[in-house]
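Letters A, B, ... mirror the listed sequences (proteins, then strands); counts begin at 1.
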Number of protein chains: 2
Amino acid sequence: MASVDRTLVADLPLFAGLAPEQLDELLREAQSVRYPKGMTVFQQDAEAHSFFVLLHGHLRVYKLTPDGQQVVVRFVSAGEVFGVAMAIGRTTYPATAVAVVDSIALVWPSVAWPRLIAKHPTLAVNTLQTVGSRLQDAHARVVEMSTEQVERRIAHALLRLAQQSGRKVEAGVEIDFPISRQDVAEMTGTTLHTVSRVLSAWEDRGFVAGGRQKITILEPHRLFVLAEGGLP
Amino acid sequence: MASVDRTLVADLPLFAGLAPEQLDELLREAQSVRYPKGMTVFQQDAEAHSFFVLLHGHLRVYKLTPDGQQVVVRFVSAGEVFGVAMAIGRTTYPATAVAVVDSIALVWPSVAWPRLIAKHPTLAVNTLQTVGSRLQDAHARVVEMSTEQVERRIAHALLRLAQQSGRKVEAGVEIDFPISRQDVAEMTGTTLHTVSRVLSAWEDRGFVAGGRQKITILEPHRLFVLAEGGLP
DNA sequence: GGCGCTCTTTGCGCCGCATCAAACAGCAGC
DNA sequence: GCTGCTGTTTGATGCGGCGCAAAGAGCGCC
């Protein structure tokens, strides 16, 4: 299998502080894999055979409750590490990851992880930062769900999505992958009905523009004020 | 300052895989500090000057929202690392930690962290596991808050508390530090009124026994069934 | 011992949002 | 084009649990 070009990934946070030769060495062990839209990259509770870096595309990561409800944990964008179950001491994946658009990822076997971090401790340090920032995101979400009501939670979710995966477009900022009202509902702990109602109201006020699996934020500042509890 | 005895902390997960001499070296740089009940160990948004290992006691870690509401992030038990802001790439603490009983912690200056992990990469790996398991806790909480209603969330919170800080007592399992209804409310995203009502109902049914800042679980199994959505 | 503080219990009314229901619209496939 | 599927909108209804209020109980402190 042809090795991946170093320049494609040299700037990723995961590889910060690694010498070019070290990076080449890492990449030599990775495979580049295509995941067509809709394909499952890994499944909750399945054995964590691999860990990944997303090169291109977007993934939807969600947890399934015993009674069949889904909760969206996050969306993965290009450049991010994901599926690092082994690194955090798990043998199975804690969630399911599905490609929401055609995607490409670098794939390492999980068994290589202990050896790789032993040789390149920087990897562990960088992963610690990544996991740490996810922990902060998760805590922020807990705080939001504990103290804010639905409208503000949806505003926060949209702003976070725009920041992570926003694409600037003439009218404003558009989430650059297909996202449904149901998805937003599963990110904010509400129902698609409520999300639809809230977005419709915002659309009337000119804050956002909707569409089938599409959301464009027209007035980010107004939305921000709303998220922080103001009365825009 | 007298060095801490190695045997006190040798079994902690943070120090797993370190040679005795390495551990001694680490401990030589630490200070042992007493925090009387009620004292603040560190404050949200303050500069993260130190990181810690709790030797004895219990801490309450909470976040304060802009409008003054508190959300309990977790309770720290003896043996755990905490305040590792620097490790996850922050310069300030993301939350406030207060001693709920007289406590003792080992304290290292944060500036020592980069040097320590450079010398002992195992520390980074072990911390990664710790932060990873906290991430899973946080995600579990997000899922609960998204999909479960109050009674089940409270049941889950109590079971988690019992597991982390339960003390076996003749009648059942008792949370072994002072914890108020308000605390439970701030862990589950509800109000102390609702928690009080739920606990009273459970007390009538014989599942738990209450008291001022005290909760004893009499029927862990019944509570578990309830938490999982059954009808006990 | 008794005062006062903090924590807890309990009642009542209201409301935000879930639930149920049904029609509507964009997009793919034939 | 038409058909069917999936995603979206909007209305009507009900209820879990929050907000408010006030009384009760355990405990430290003087």
Side-chain angles (χ1 to χ4, degrees), chain A residues 36-38 60 65 67-72 98 100-101 144-155 157-158 175 177-205 208-216 226 229, chain B residues 36-38 60 65 67-72 98 100-102 144-155 157-158 175 177-205 208-216 226 229 231:
Chain A
K37 174 175 180 168
R60 177 180 186 275
T65 65
D67 58 319
Q69 296 189 72
Q70 296 188 6
V71 175
V72 171
V98 173
V100 290
V101 292
E144 282 173 24
M145 301 200 63
S146 296
T147 62
E148 298 177 359
Q149 40 198 53
V150 172
E151 191 175 36
R152 290 178 57 185
R153 299 209 301 268
I154 297 177
L158 251 52
I175 313 298
F177 56 83
I179 183 167
S180 68
R181 312 285 182 250
Q182 177 78 38
D183 288 329
V184 177
E186 287 172 9
M187 296 178 70
T188 50
T190 178
T191 61
L192 81 160
H193 309 276
T194 300
V195 172
S196 179
R197 270 181 254 269
V198 168
L199 288 187
S200 294
W202 288 350
E203 201 154 2
D204 291 345
R205 300 221 260 162
V208 303
R212 191 189 172 84
Q213 304 206 88
K214 177 144 296 299
I215 302 172
T216 308
L226 208 157
Chain B
K37 174 174 180 171
R60 176 179 188 275
T65 65
D67 58 318
Q69 296 188 75
Q70 296 188 5
V71 175
V72 171
V98 173
V100 290
V101 292
D102 290 348
E144 283 173 23
M145 301 202 63
S146 296
T147 62
E148 298 176 359
Q149 40 199 53
V150 171
E151 190 175 35
R152 291 178 57 186
R153 298 210 300 269
I154 297 177
L158 250 53
I175 314 298
F177 55 84
I179 183 168
S180 69
R181 312 287 181 250
Q182 177 78 37
D183 289 328
V184 177
E186 288 172 10
M187 297 178 70
T188 51
T190 180
T191 61
L192 82 159
H193 309 274
T194 300
V195 171
S196 179
R197 269 179 257 269
V198 168
L199 288 187
S200 293
W202 287 349
E203 201 154 0
D204 291 345
R205 300 221 260 162
V208 303
R212 191 190 172 83
Q213 303 206 79
K214 177 145 296 302
I215 302 173
T216 309
L226 207 156
L231 302 169

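The CZ atom of A:R205 sits 13.0 Å away from the OG atom of A:S200 when rounded to the nearest 0.5 Å.
Here the closest non-hydrogen pair linking A:T188 and A:M145 is O-CE, 3.7 Å. What you find for A:G211 and A:R181 is that their closest heavy atoms are O-NH2, 3.3 Å. Of all the heavy atoms in B:P178 and B:V101, the pair that sits closest is CD-CG1, 3.5 Å.
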- Query: Where along nucleotides 19-30 of chain C does protein come under 4.0 Å, by heavy atom, of base (B) or sugar-phosphate alone (S), with - for untouched nucleotides?
  - Reply: BBB---BBS---
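Taking every heavy atom of residues 178-190 of chain A and every atom of DNA chain C, pairs under 4.0 Å involve A:G189, A:T190, by number.
Contact of the A:M187 side chain with the A:L158 side chain is not registered, since no non-hydrogen atoms from C-beta on lie closer than 4.5 Å. Contact check for A:V208 versus A:T216: no side-chain heavy atoms found under the 4.5 Å cut-off. Counting only heavy atoms from C-beta outward, the side chains of A:Q213 and A:F177 never approach each other to under 4.5 Å.
Straight-line distance from the CG atom of A:D67 to the C1' atom of C:dA18: 15 Å, rounded to whole Å. One can place CG of A:L192 at 16 Å from P of C:dC17, the figure rounded to the nearest angstrom. In this structure, B:W202 places its CH2 atom 18 Å from C1' of C:dT10, rounding to the nearest Å. In this entry the distance linking CD of B:E203 with C1' of C:dT8 reads 11 Å, nearest Å. Separating the CE atom of B:M145 from the P atom of C:dC17 is a distance of 13 Å, rounded to the nearest angstrom. Atom P of nucleotide C:dA18 and atom CD of A:Q149 are separated by 11 Å, given to the nearest angstrom.
Between the A:Q70 side chain and the A:E186 main chain, no donor and acceptor come within less than 3.5 Å of each other. The backbone N or O of B:G210 lies less than 3.5 Å from a partner atom in the side chain of B:E203, making a donor-acceptor pair. For B:D102 (side chain) and B:P36 (main-chain N/O), no donor-acceptor pair under 3.5 Å exists by modelled atom type.
Bracketed by its first and final contacts, the part of DNA chain D lying under 4.0 Å from non-hydrogen atoms of chain A reaches from D:dT6 to D:dA12 in 5' to 3' order.
A:L199 comes within 4.0 angstrom of no nucleic acid atom, judged by non-hydrogen atoms across all strands.
Partners of B:E148 under the salt bridge (charged side-chain N to carboxylate O under 4.0 Å, His left out) rule, at least two apart in sequence or in another chain, are B:R152.
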Only distances under 3.5 Å count here; give the side-chain donor-acceptor pairs of residues 189-197 of chain B to other protein atoms, sequence neighbours excluded, each with its distance to 0.1 Å.
{"from": "B:T191", "atom 1": "OG1", "to": "B:T194", "atom 2": "N", "distance (Å)": "3.3"}
{"from": "B:T191", "atom 1": "OG1", "to": "B:T194", "atom 2": "OG1", "distance (Å)": "3.2"}

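Around NZ of B:K214, the count of heavy atoms belonging to other residues, nucleotides or ligands within 6.0 Å exceeds 12.
Comparing the local axis fitted to the first five base pairs of the helix from C:dG1-D:dC30 to C:dC30-D:dG1 with the one fitted to its last five gives a bend of 40°, rounded to 10°.
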